[in-house]
Every structure is written in structure tokens, then in C-alpha cells.
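Below is one structure; the comments refer to it alone.
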Amino acid sequence: MDERTRALVCIECPQGCCLAAKQHGDEVKVTGNRCPRGLEYARRELVNPCRTLTTTVRTTFRDYPRLPVRTAGEIPLARVFEAMAAIRGVVVDRRVQSGEVIIPDLIGTGVALIATGDLSHQEEG
Amino acid sequence: MKPHCDVMVIGAGPAGLAAAVAAHDQGVRVCLVEREARPGGILKQCIHDGFGILRYESKLSGPEYAQCELEQVIDRGIEIFPETFLLSLGRGKTGFELTLQNRWQGVFTLTAAALVAATGCRERTGRQILLHGTRPAGVYTAGTVQRLINIDGYLPGRRCVILGSGDIGLIMARRLVLEGAEVVGVYEIRDEPSGLTRNLVQCLDDYGIPLHLSTTVTRLHGEKRLEGVTVCPVDAENRPDPARAQYLPCDTLVLSVGLIPENEILEPLGVELDRATGGALVDQTLMTNVPGVFSCGNALHVSDLVDHVSESGEIAGRWAATHARRVRRIGASQPIALEGELLYLVPQRLDPQAKGPVNAWFRSRRTLRQARLEVWAGERRLLERTYPLVRPPEMERIVFDLDGQAWAGQRFRVILREVRSGG
């Protein structure tokens, strides 16, 4: 049966509990966590680690050549480079505001890519 | 003649924005001076997430956090002078006199009853660490790389070495990899990383970027453009061991070797600095030794979380307003003696007359497991807290109360010690 132990540092909050997570088939046993969030974190890290991806996309505006974006939720860590490749092709030509959707469903994850910067403020001169 | 405003806030980064809002909410006239076109300070280029975990209970990106803070300033109609550079600071008849310059008004003067310096910090550069060899292009501070990629849209190099394990360096390691560059490794002269655990996990481990501790860059190679660096392990006294030196080909060296609070503008006023923090010496109202001059954010001490920066801005702004309205009686502030493993504590002084809880921030000298912190006033213990783990990169915050006590003449002490459990 598949059994492995991994040492993890919980990053759910600044406390940074040192976790030991043991996977036994579908079951994950965790020690070292001081709250239930640590348990959840270790489970996710072993089964399917997910991350919020933050990056920028090109724009057509000289005063804002790049628009900062992030995924509205987490996407699988294993698909981050695939997501970057899809994002690289995007060019924003509207004065979008923070929170606006740039890609509704990023590489079929069901997670949207949203603007985190505001292009509506135009620079004078 | 009345001064132009009651509270002048210098810098519209997270500390300055929070200070302006807090001062305004005390009913005084506030002005905000910012040298860049857009408010938000360094947050504008910090596109990664993790901001606002304490303040907004969500993991925002830097620009989003800045937007939340800026909206509160705009909602209140607080006067902002963008693209305005502060040339000098002095004392006038009606308070402080600021000589400013922008392209609309030229050089002009504004007066204020109280000042909040929220001027942030700057990066230590290659000139401030010992790097031998040539001086080619391709050596950048991590913040410059961050600006080039995130704001301007340029990739500064293809094969990068990162010196120093500060948070911005770790974050840029991931950013460079995502944008298609190769990161050979992160080299840290000390025997433990100086960045937050969260960043070690999500920036290095996630992308398989190696971290080499007790190793530094000793030499740069290349004429016009960087062609490589020599990396070398160091001993316990940080002396490189040339026998184990190694040449690494690379076109870019990213420096993440520390941040220095920016306080030059306060020098003519005679503001005293703390050698441990590089920021001003303050009491719990975040007022410096010069009455009416307050300090907050990274100019006061470099924080690892923006939430702490905003909080200190609020404290400074609130008390600056109180000072401008002349409703504060300034007591004889007393120094706080530090004992044990404390690297620093802010504030460095306490004014027993200042009402309300005292917010304090500290860092330890070294990593401690099972540590106890105690705050004493004379023979009375005001606070006791234990920590399972204290690391120098992770700042800790405490709150204690002085209210209703006659502390005059008492000695304040803060002690941080490792607790050996079980003998």
C-alpha cells in the first residue's frame, strides 16, 4: 500500500506550524498542526497542491504597458506553466478596472483570471 | 497665519494612506505628498498575493490592497499632491515648513502643524556589499527586477543568480521562472533563510529552485554584460573559502540583501535614529524625539507584512492629529530597556501620559523555539506571552496597557528568552 511521510510547513497563517503528513492510501494523517486549517492544508498539499497564480498581461496603453492579474481562485500547481502560456497571448485594449474578468475560464480549470490593477486612471501629459 | 494643514503626510504608500485616513477621521485638515504619479508606493509593483491577511482577512495582491486603502483616502476628499517632490524640511513660524516641487506649481512652500514621515525604505545595492570583479550590466536589486517585469514589461535576463534570501528575492525567483527565465539558485550568506516561510515554500520549493545557505557571491565576471559569478561557501565568521569557490555562468545577478529605512529628509530637524532598526526612535504614539514629527511604516522599521505597515500608519496619523489639535499633553517619555534575545523593539520609548493600549513590534536576534516575552514596568509585569517559534524574519506584534497607572519614575523593560522545557 502506498505510504509516505512528508514534512510540510503550514502557510495558512503567519504561525507556520511544522507538519508531518502521512499518506496511507486515500487517508492522510497529519501531526504538528495547531488548528484545523493545518489539517486541510496538508491534505491538499499531498493530494493536489493548488495555488493562486499572479502575473501580468500586455496592454495597448503606453502609460500602463502591463496589467496585473490573478486567478480568482486556486488552480493546480501542476498546470501553472500551461496557464502562463495561455495568459501570454492576451492583450488588453480596454481601460479595465480592478476585479474585471480577463479570461472567464483559464485553461478549463473553471477559474477566472481577473484584473488586480486599475487602468482607468489616465496619466496627464 | 494658520498653517496650510494640520497634518502633512509624506509618502502615499500603505503607511501614508493609512496615516492620512486616521488623521482625517480625528477631524483635522490633512495633506498627502507623493513623489510618484500614482499612490500606493511599492505595492503597485507587488503583483503577488498574500497582502491583507490580517487587515482584510483575505489574500489580496499588492495593487488590490493599495486600491482598498486609496479608496478610503479618495472617499474622504483628502488633498493629495502627486508627482510632488519634497526638497527640504524646516521649521517655520506656524509649524513645519516643507519646500516642495512639482511641474504645475514649480517650487513652493506648505506649512503644517504636524508631520508624518511615511517615506518607506530602499534596497541595499551592490555598492553596499562587497562584490569584487568587474562592473558589468546585469546586476539588479530585486525591486528593480520587479519593476522591470511587472510595470514596464521587460525580462531583465535569461539565466539568473539570486544573492540573498529576502522576500523580494524569493518572489522574483518565482516570477523570473514563470516568465521563462532560468534561476540557477538562491545564495544566502547566513545559515538560515531571511525570507518568510510562506515564500520559501511557494516561491522556491514549488519550482524546484535550490537555496544554498552559508554561501555567497564573491566575484562578478564580464565586461559589458554579466557573464558569470563566483559563488563561495563561507565559514561561521562569513569568511569565504576560496578552495570551494565555483564559477556559475549567468547573465543576471539579482540582489536581495536587505532594506534600509529612508529617513534622510528628517535629518535637518534633528530626529534621532535607532541603530538597530535604521528608523526613528519613537514613543508608543510613534512620535520621534522632535515634538510633532511622527514616523510609520517601513521608514520606521522594515516590516514583513503590509498589515503591520498600515497599522503603524494609523497610529502615527491619529496621534499626529491629536498633536496638531494641541490636545495631547506630552509626558516625559522613558526608554525601554531590552533584555535577552531581542534584536529590536518599536517603540523604543514610552510616554506614561499617552492614553490607550500600546502597540509594539519586535524581532528576535536568532531563531528561538519555546520563547517567552515579558513586559515590565518597575516591579509589575504588564504582559507575558510565550511563542512556540520566533524567527528573525517574522516580526511579532504585542499589545499591552499602561492606562490608569502612575508609572512616573518606573523603569520599563522588555525581555525575550528561550524557555527550556522539561529540564
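All values below come from the heavy atoms of this structure, side chains included, with hydrogens, waters and symmetry mates left out. Below, read A as the first sequence line, B as the second, and so on, with proteins coming before strands; counting in each chain starts at 1.
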(request) Give, for atom CG of L389(B) and atom SG of C18(A), the distance between the pair rounded to the nearest 0.5 Å. (result) 6.5 Å
(message) When you measure from the centre of the six-membered ring of Y154(B), is the NZ or CZ of R66(A) closer than 6.0 Å and no more than 45° off the axis?
(response) no
(request) Look up atom NE2 in H48(B) and atom CZ in R70(A), then write down how far apart they are to the nearest 0.5 Å. (result) 13.0 Å
(message) Any non-hydrogen side-chain atom of R174(B) less than 4.5 Å from a side-chain atom of R51(A)?
(response) no
(message) Check this for me: R76(B), atom CZ, are more than 12 non-hydrogen atoms of other residues, nucleotides or ligands nearer than 6.0 Å?
(response) yes
(request) Tell me, please, which residues at least two apart from E396(B) pass side chain to side chain contact (heavy atoms under 4.5 Å, CB included). (result) F362(B), Y387(B), V390(B)
(request) Counting only heavy atoms closer than 4.5 Å, note whether I149(B) contacts chain A via side chain, backbone, both or neither. (result) backbone
(message) Using heavy-atom distances under 4.5 Å, tell me whether Q45(B) contacts chain A through its side chain, its backbone, both, or neither.
(response) neither
(message) Using only non-hydrogen atoms and a strict under-4.5 angstrom cutoff, which residues of residues 104-113 of chain A touch chain B?
(response) none
(request) Taking all non-hydrogen atoms of both residues into account, name the closest pair between I47(B) and P68(A) and its distance. (result) CG2-CB, 3.5 Å
(message) If I measure from the heavy atoms of chain B, does T116(A) come under 4.5 Å with its side chain, its backbone, both, or neither?
(response) both
(message) If I measure from the heavy atoms of chain A, does N150(B) come under 4.5 Å with its side chain, its backbone, both, or neither?
(response) both
(message) Counting C-beta onward and ignoring hydrogens, is there a side-chain heavy-atom pair between T55(A) and R175(B) closer than 4.5 Å?
(response) yes
(request) Below 4.5 Å from any heavy atom of chain B, which atoms of L67(A) appear? Answer side chain, backbone, both or neither. (result) neither
(message) Could you walk me through whether L53(A) and L178(B) satisfy the side chain to side chain contact (heavy atoms under 4.5 Å, CB included) test, starting with their C-alpha distance in whole Å, then the side-chain angles of each, then the deciding distance to 0.1 Å, before giving a yes or no?
(response) CA-CA 10 Å; L53(A) 175 64; L178(B) 284 176; 3.8 Å; yes
(message) Within a 6.0 Å radius of atom CZ on R190(B), are there more than 12 heavy atoms belonging to other residues, nucleotides or ligands?
(response) yes
(message) What I'd like to find out is whether the side chain of D118(A) reaches to under 4.5 Å of the side chain of Q67(B), using heavy atoms alone.
(response) yes
(message) Any non-hydrogen side-chain atom of V177(B) less than 4.5 Å from a side-chain atom of F81(A)?
(response) yes
(message) Looking at chain B, which one of R34(A), R58(A), M84(A) has the largest number of heavy-atom pairs inside 4.5 Å, strictly under?
(response) M84(A)
(message) I need the residue from T197(B), D206(B), V201(B), D49(B) with the largest number of non-hydrogen atom pairs under 4.5 Å to chain A.
(response) D206(B)
